[in-house]
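I have placed the structure first, in the form of structure tokens, so that the comments after it can refer back to it.
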Amino acid sequence: GQSLEQPSEVTAVEGAIVQINCTYQTSGFYGLSWYQQHDGGAPTFLSYNGLDGLEETGRFSSFLSRSDSYGYLLLQELQMKDSASYFCAVDFQKLVFGTGTRLLVSP
Amino acid sequence: EAQVTQNPRYLITVTGKKLTVTCSQNMNHEYMSWYRQDPGLGLRQIYYSMNVEVTDKGDVPEGYKVSRKEKRNFPLILESPSPNQTSLYFCASSWTGESYNSPLHFGNGTRLTVT
């Protein structure tokens with residue numbers, strides 16, 4: 001089966017840079033997605049990597065390396081509103097989600 | 001406004017009493033899916049539908065039913081709810097099932113408690 005591992009929690013301060021890793025034991029998927037979920041809210045799409053390399057969207061960047069079975073989400077210039085859970089997901093015709101990383105941003 | 005609408009937002013019920021959680025999307029999406037979210041387990045797929053009258057099991061389908069008679073609606077049915085189905089449920093839709101061209105849009109969730 002597919003298995004994605006993420007750290008359960010990451011803490012950082014406002015203005016800092018944080019990297020949330022996603023490692024997986026699977027192959028043959030289309031790409032790696034990232035979703036953000038605030039407490040009490042619905043997951044929302046952040047980014048997608050279909051090819052190896054870095055994708056940048058404003059303060060957020062996402063990276064994929066299929067050869068290393070590894071991806072990450074990079075958040076720059078952290079703001080308090082970035083406190084949320086972040087999920088990676090691989091695409092096998094249907095999305096399989098990781099267990100999520102809770103990011104806590106402090107002043 | 002493009003959205004996925006789930007109802008109800010909160011539901012408390014008793015073991016064995018059949019219930020339905022509705023899901024509707026107004027984006028003409030072909031793909032719809034149900035997930036449950038439990039602490040430490042992330043989002044696990046219950047059922048999905050690639051198009052009208054086409055449904056398939058996800059990773060945790062036991063105890064659930066779905067139907068897709070119309071493109072916009074994808075209700076989740078619990079014929080005989082049990083306490084282990086207490087969870088937060090999300091409906092989601094996208095143009096297709098492949099995220100390389102179609103991210104998922106999620107509803108606001110239904111928090112179900114079965115006593």
Side-chain angles (χ1 to χ4, degrees), chain A residues 1-9 20-26 28-53 55 57 60 62 64 66 71 73 84-103, chain B residues 1-7 9-10 21 23 25 27 29-51 54-61 66 74 88-111:
Chain A
Q2 304 92 25
S3 170
L4 296 96
E5 294 182 10
Q6 300 179 237
S8 58
E9 189 172 290
I20 298 174
N21 297 326
C22 175
T23 57
Y24 52 88
Q25 286 80 41
T26 191
F29 59 90
Y30 292 117
L32 185 72
S33 300
W34 288 91
Y35 285 78
Q36 178 192 60
Q37 184 182 27
H38 287 98
D39 282 349
T44 56
F45 173 77
L46 283 179
S47 69
Y48 177 79
N49 290 75
L51 302 173
D52 283 7
E55 292 283 341
T57 309
F60 294 180
S62 57
L64 174 63
R66 292 174 192 266
L73 179 69
S85 293
Y86 293 84
F87 296 88
C88 61
V90 291
D91 183 1
F92 292 92
Q93 292 189 319
K94 58 174 185 172
L95 279 180
V96 176
F97 285 86
T99 53
T101 298
R102 187 173 179 85
L103 171 63
Chain B
E1 180 189 352
Q3 59 186 2
V4 178
T5 304
Q6 288 179 235
N7 281 297
R9 287 295 307 276
Y10 301 92
V21 184
C23 175
Q25 51 93 5
M27 295 168 280
H29 285 168
E30 291 187 348
Y31 180 88
M32 297 186 76
S33 181
W34 277 102
Y35 295 87
R36 62 177 288 174
Q37 186 173 30
D38 303 288
L41 297 178
L43 288 153
R44 294 182 293 166
Q45 190 176 50
I46 303 170
Y47 268 94
Y48 64 98
S49 169
M50 300 294 283
N51 213 324
V54 180
T55 63
D56 213 340
K57 295 178 180 179
D59 299 313
V60 289
V66 293
F74 190 47
L88 178 60
Y89 292 86
F90 287 101
C91 179
S93 72
S94 64
W95 285 111
T96 71
E98 290 87 21
S99 61
Y100 64 89
N101 62 359
S102 180
L104 281 173
H105 297 256
F106 284 83
N108 286 328
T110 295
R111 187 167 291 281

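In what follows, every chain begins at residue 1, and chains take the letters A, B, ... in the order their sequences are listed.
- Nearest heavy atom pair, residue B:Phe106 against residue A:Ala42, reads CB-CB, 3.9 Å.
- Taking each heavy atom of B:Phe90 and A:Gly41 in turn, the nearest pair found is CZ-O, 3.6 Å.
- Under the salt bridge (Lys or Arg N to Asp or Glu O under 4.0 Å) criterion, B:Asp38 pairs with B:Arg36, B:Arg44, sequence neighbours left out.
- If you measure heavy-atom distances from B:Leu43 to chain A, the contacts under 4.5 Å come from both the backbone and the side chain.
- Here CZ of A:Phe87 is found 4.5 Å from CD of B:Gln37. Values are rounded to the nearest 0.5 Å.
- At most 12 heavy atoms of other shown residues, nucleotides or ligands fall within 6.0 angstrom of atom CZ in A:Arg102.
- Looking at A:Gln37, the atoms closer than 4.5 Å to chain B (heavy atoms on both sides) all sit in the side chain, from C-beta outward.
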Test log, rule side-chain contact (heavy atoms from CB on, under 4.5 Å), inputs A:Tyr35 and B:Leu104: CA-CA 9 Å; A:Tyr35 285 78; B:Leu104 281 173; 3.4 Å; yes
